Amino acid sequence: MLDVNLLKNPSLLKGMLVRRNLQFPLEELLQLDSRRRDLNIKVDEIRHRKNVLANLISTKRKVDSDALEEIKLMNEISNNLSNLQAEKYELDVKFKRLMMMLPNLLLVSVPSGNTESDNVFVRSSGTTRTLNFQPKDHIDLSTSLDLVDFERAAKIAGSRFYFLKNDLVLLNQALIRMALDFLSDKSYILLQPPYMIRKEAMEGAVMLGDFEQVIYKIEEEDLFMIGTSEHAMASMHMNEILEGSKLPIKYGAISPCFRKEAGAHGKDMKGIFRVHQFEKVEQFVYSRPEESEKQHDIMLAVTEDFYEHLGIPTRTMLLCSGDLGKTSAKTFDLEAWMPGQNAYREIVSCSNCIDYQARGLHIRFRDKPNEETRLVHTLNSTLVATERCMVAILENYQTNRGTVEVPGALWKYMNDRKEIEL
RNA sequence: GCGGGGGUCGCCUAGCCUGGUAGGGCGUGGGAUUGCUAAUCCCAUGUUCGAAAGAACUCGUGGGUUCGAAUCCCACUCCCCGCGCCA
């Protein structure tokens with residue numbers, strides 16, 4: 001959530017909305033805000049009168065006076081107040097709803113643009129393996145090597161589900177172990193979070209409007225399936241005051257991710273690239289505000305390094321203002337070269353959410369007791385979304401014999417297996 | 001799932017039965033005083049609005065009763081103990 005005080009001088013908000021190329025009922029929000037402020041003042045005044053009168057009644061009672069006049073007046077005031085409070089409640093609900101739909105501000109280094117095609121190339125890394133034959137895509141490869149079963153998954157769960165089979169199950173686990181070791185070596189605190197969290201926690205981490213689009217709800221329970229461990233790692237310190245000396249706090253979590261993919265009809269319908277359920281090792285950093293841009297760059301470098309180790313060629317893109325997620329103030333994507341599709345495809349998203357999540361979740365820090373608290377900054381990045389990464393491995397490490405080599409970095413996690421064959 | 005106990009201003013705790021401005025201790029910050037690694041005393045120490053004066057809010061969360069709720073009632077939630085179920 002954004003700071004409500006920004007509404008007092010909305011030029012920043014207007015600029016952000018233009019840059020993000022978004023329609024937003026800002027005027028309506030501004031009106032709600034001024035009505036809300038007026039009403040707050042009125043309610044305060046009435047409460048003050050009530051408090052004074054309550055004291056008066058109390059003192060009169062002590063000297064055996066019955067205070068009938070005051071009690072009568074108090075009744076009137078109380079009625080008046082409950083009417084105003086009903087109005088205030090209604091107004092607050094509307095206000096909060098709109099306020100929570102306002103996306104994050106943008107950092108100045110975010111380039112302006114409308115779509116994916118306006119994203120800015122930052123750098124590429126890793127060398128593309130030369131394949132002197134017609135490369136297959138991951139669907140062909142995984143099917144012919146008996147590494148997946150889509151039909152039976154569709155039968156029991158629907159489209160965008162899959163069974164991993166045989167060596168692909170092991171490759172998935174190997175990637176997870178490699179990723180966890182990789183982060184552990186860099187002193188990240190490893191986590192395995194709850195896979196379901198409450199609405200209160202989810203709301204602070206996700207945009208209200210995105211809820212219905214991506215998040216699965218558990219029927220009859222106040223629980224939602226996490227779309228990523230980011231949701232659990234952002235909310236885990238909800239309502240806490242962190243010690244400044246402990247920052248930055250770096251977490252690395254492994255969890256499955258559950259996504260409705262409601263807005264993705266027709267996109268990537270086959271294979272394991274875009275699915276309802278996948279595993280991901282995710283980085284999450286709580287940072288001091290003044291350090292968050294530096295931490296963002298560090299996290300990006302860690303991620304790029306991981307794909308260097310794996311031998312997967314990637315390019316790093318800085319997302320333009322129109323392509324940026326709503327909670328993020330700045331995002332880099334890593335795209336992997338996919339020979340079978342002859343294209344770069346997104347495998348990593350690395351974002352600085354500045355104080356947006358922290359404000360909604362009430363996560364602050366201070367260096368000394370009694371010092372004024374400040375909101376932390378939160379950052380998140382994929383290290384590896386294993387299903388997408390396996391798409392990249394299958395397509396980049398395929399051989400002209402129709403088999404797939406195992407990347408050297410994964411050998412020790414694959415019982416020294418070096419090749420996947422039928 | 002059942003029964004019992006609990007959640008109070010950073011930490012600890014009083015207040016709850018019997019409704020009337022949330023008190024104390026520790027820690028922290030500031031000040032005063034004293035000739036000694038320190039002691040003693042005073043003030044401050046949650047959030048919001050406000051330039052300030054001031055005001056409102058805050059006793060796990062949300063409702064209710066009441067002129068008035070930390071206190072009484074209801075629901076939810078988390079922690080502890082016991083029972084049940086269970087990989």
Side-chain angles (χ1 to χ4, degrees), chain A residues 1-10 29-97 99-100 192-204 217-224 232 235-247 249 255-256 286 355 358-376:
Chain A
M1 194 167 83
L2 285 178
D3 187 351
V4 290
N5 287 318
L6 288 170
L7 296 171
K8 290 176 183 169
N9 179 11
L29 182 60
L30 292 175
Q31 276 184 20
L32 283 174
D33 186 47
S34 79
R35 278 175 60 202
R36 190 184 63 96
R37 284 171 199 275
D38 289 347
L39 205 53
N40 278 343
I41 292 171
K42 272 190 203 163
V43 167
D44 265 19
E45 278 169 3
I46 293 179
R47 279 180 176 154
H48 178 50
R49 285 170 61 199
K50 257 186 92 168
N51 288 341
V52 170
L53 210 48
N55 280 343
L56 187 61
I57 292 169
S58 169
T59 37
K60 278 205 168 185
R61 281 278 171 90
K62 278 176 192 157
V63 294
D64 273 344
S65 165
D66 52 13
L68 283 178
E69 278 298 307
E70 285 79 5
I71 286 175
K72 200 179 149 206
L73 185 57
M74 191 72 136
N75 263 322
E76 283 172 30
I77 296 176
S78 287
N79 280 335
N80 197 347
L81 182 62
S82 52
N83 288 339
L84 270 188
Q85 274 176 330
E87 193 184 337
K88 176 172 147 61
Y89 178 80
E90 203 179 320
L91 202 59
D92 282 347
V93 168
K94 277 188 199 164
F95 175 77
K96 193 185 166 200
R97 199 183 154 72
M99 194 65 210
M100 284 180 55
Q192 182 175 306
Y195 301 159
M196 292 169 250
I197 60 178
R198 292 217 183 93
K199 184 174 191 190
E200 184 193 10
M202 193 64 97
E203 269 181 349
K217 185 183 186 335
I218 305 297
E219 237 181 290
E220 321 244 326
E221 305 267 355
D222 177 26
L223 285 173
F224 298 81
S235 53
M236 73 184 284
H237 289 298
M238 180 167 81
N239 299 327
E240 290 183 25
I241 300 172
L242 305 174
E243 279 177 52
S245 61
K246 299 260 173 76
L247 297 174
I249 301 174
S255 84
Y286 289 89
D355 60 9
R359 185 174 298 103
L361 291 163
H362 216 59
I363 306 172
R364 297 147 300 161
F365 77 98
R366 63 180 162 205
D367 293 305
K368 294 181 205 154
N370 297 329
E371 198 181 64
E372 206 173 337
T373 58
R374 288 193 287 158
L375 291 168
V376 296

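As the structure is a computational prediction, the values presented were derived from the model and not from experiment. In what follows, chains are A, B, ... by sequence order, proteins preceding strands, each numbered from 1.
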(message) If you assign A:Arg364 and A:Asn51 each to the RNA chain B nucleotide with the nearest heavy atom, which residue ends up on the more 5' nucleotide?
(response) A:Arg364

(message) Rounded to whole Å, how long is the line connecting atom CZ of A:Phe365 with atom P of B:G10?
(response) 18 Å

(request) Mind checking salt bridge (Lys or Arg N to Asp or Glu O under 4.0 Å) for A:Arg364 and listing every partner two or more places apart, or none if nothing turns up? (result) none

(request) State which residues pass side-chain hydrogen bond (donor to acceptor under 3.5 Å, both in side chains) with A:Glu240; sequence neighbours excluded, sorted by chain then number. (result) A:His237

(message) Just the rounded figure in Å: distance from C1' of B:G54 to CZ of A:Arg49.
(response) 17 Å

(message) What's the gap between B:G31 and B:C80 when it is taken at their C1' atoms, as a whole Å value?
(response) 44 Å

Anything under 3.5 Å between a donor and an acceptor, one on a side chain of residues 87-97 of chain A, the other on a protein residue two or more places apart or in another chain? List them.
unit_1: A:Lys88; atom_1: NZ; unit_2: A:Asn40; atom_2: OD1; d: 2.9
unit_1: A:Lys88; atom_1: NZ; unit_2: A:Asp92; atom_2: OD2; d: 3.2

(request) Could you measure between the two P atoms, the one in B:G24 and the one in B:G68, and give it in whole Å? (result) 29 Å

(message) In whole Å, measure the gap between the P atoms of B:C76 and B:C26 for me.
(response) 41 Å

(request) Could you work out the separation of B:A70 and B:G20 based on their C1' atoms and round it to a whole Å? (result) 13 Å

(message) The side chain of A:Arg366 is closest to which nucleotide in this list: B:C57, B:G20, B:G10?
(response) B:G10

(request) Nearest whole angstrom, please: distance from the P of B:A56 to the CG of A:Leu84. (result) 16 Å

(message) Could you work out, with side-chain contact (heavy atoms from CB on, under 4.5 Å) as the rule, every residue matching A:Asn55, not counting sequence neighbours?
(response) none

(request) For the residue pair A:Leu32 and A:Met99, establish whether any side-chain heavy-atom pair is separated by less than 4.5 Å. (result) no

(request) Return the set of residues passing side-chain hydrogen bond (donor to acceptor under 3.5 Å, both in side chains) with A:Lys8 (not counting sequence neighbours), or none when no residue passes. (result) A:Asn5

(request) Only counting residues at least two apart or in another chain, list the ones meeting salt bridge (Lys or Arg N to Asp or Glu O under 4.0 Å) with A:Lys72. (result) none

(request) Take the protein atom CD1 of A:Ile241 and the nucleotide atom P of B:U47, then report the distance between them rounded to whole Å. (result) 8 Å

(message) Once pairs are restricted to Watson-Crick or G-U wobble with both distances under 3.5 Å, how does RNA chain B read as a dot-bracket string, [ ] for crossings and | for other-strand pairs?
(response) ((((((((.[[[[.)....(..]]]]((((((.......))))))((((....))))..[[[[[..)....]]]]])))))))....

Which atoms of nucleotides 49-52 of chain B (N or O only) lie under 3.5 Å from a protein N or O atom, and what are those distances?
unit_1: B:G50; atom_1: OP1; unit_2: A:Lys8; atom_2: NZ; d: 3.3

(request) Taking atom C1' in both B:G35 and B:C43, compute the distance separating them and give it to the nearest angstrom. (result) 26 Å

(request) Could you tell me whether the phosphate oxygens of B:A55, OP1 or OP2, come under 4.0 Å of any side-chain nitrogen or oxygen in A:Arg47? (result) no

(message) In this structure, how many angstroms lie between the C1' atom of B:G19 and the CD1 atom of A:Ile71, rounded?
(response) 14 Å

(request) Please list, chain by chain and in numerical order, all residues satisfying salt bridge (Lys or Arg N to Asp or Glu O under 4.0 Å) with A:Arg47, sequence neighbours excluded. (result) none

(message) Between A:Arg198 and B:C78, is there a contact of a side-chain N or O with OP1 or OP2 at under 4.0 Å?
(response) yes

(request) To the nearest Å, give me how far apart CD (A:Glu243) and C1' (B:G27) are. (result) 13 Å

(request) Round to the nearest Å and state the distance from A:Glu200 atom CD to B:U61 atom C1'. (result) 8 Å

(message) The side chain of A:Ile57 is closest to which nucleotide in this list: B:U77, B:A55, B:G20?
(response) B:G20

(request) Rounded to the nearest angstrom, tell me the gap between atom NZ in A:Lys96 and atom P in B:U48. (result) 17 Å

(message) So, using salt bridge (Lys or Arg N to Asp or Glu O under 4.0 Å) as the criterion, who are the partners of A:Asp33 when residues are at least two apart?
(response) A:Arg36, A:Arg37

For nucleotides 68-70 of chain B, tabulate all protein N/O to nucleotide N/O atom pairs closer than 3.5 Å, reporting atom names and distance.
unit_1: B:G68; atom_1: OP1; unit_2: A:Ser78; atom_2: OG; d: 3.3

(message) Which residues pass the side-chain hydrogen bond (donor to acceptor under 3.5 Å, both in side chains) test with A:Glu45, not counting sequence neighbours?
(response) none

(request) Taking atom P in both B:C41 and B:G25, compute the distance separating them and give it to the nearest angstrom. (result) 10 Å

(request) Answer whether the closest heavy-atom distance between the side chains of A:Ser78 and A:Lys50 falls below 4.5 Å. (result) yes

(message) Taking the P atom in each of B:A14 and B:G82, what is the distance between them to the nearest angstrom?
(response) 23 Å

(request) Check whether any side-chain N or O of A:Arg198 sits under 3.5 Å from a backbone N or O of A:Asp222 as a donor-acceptor pair, and report yes or no. (result) no

(message) A side-chain contact here means heavy atoms from C-beta on lying under 4.5 Å apart; do A:Met196 and A:Glu221 qualify?
(response) no

(message) Say we look at B:C78 and B:C85: how far apart would their P atoms be, to the nearest angstrom?
(response) 23 Å

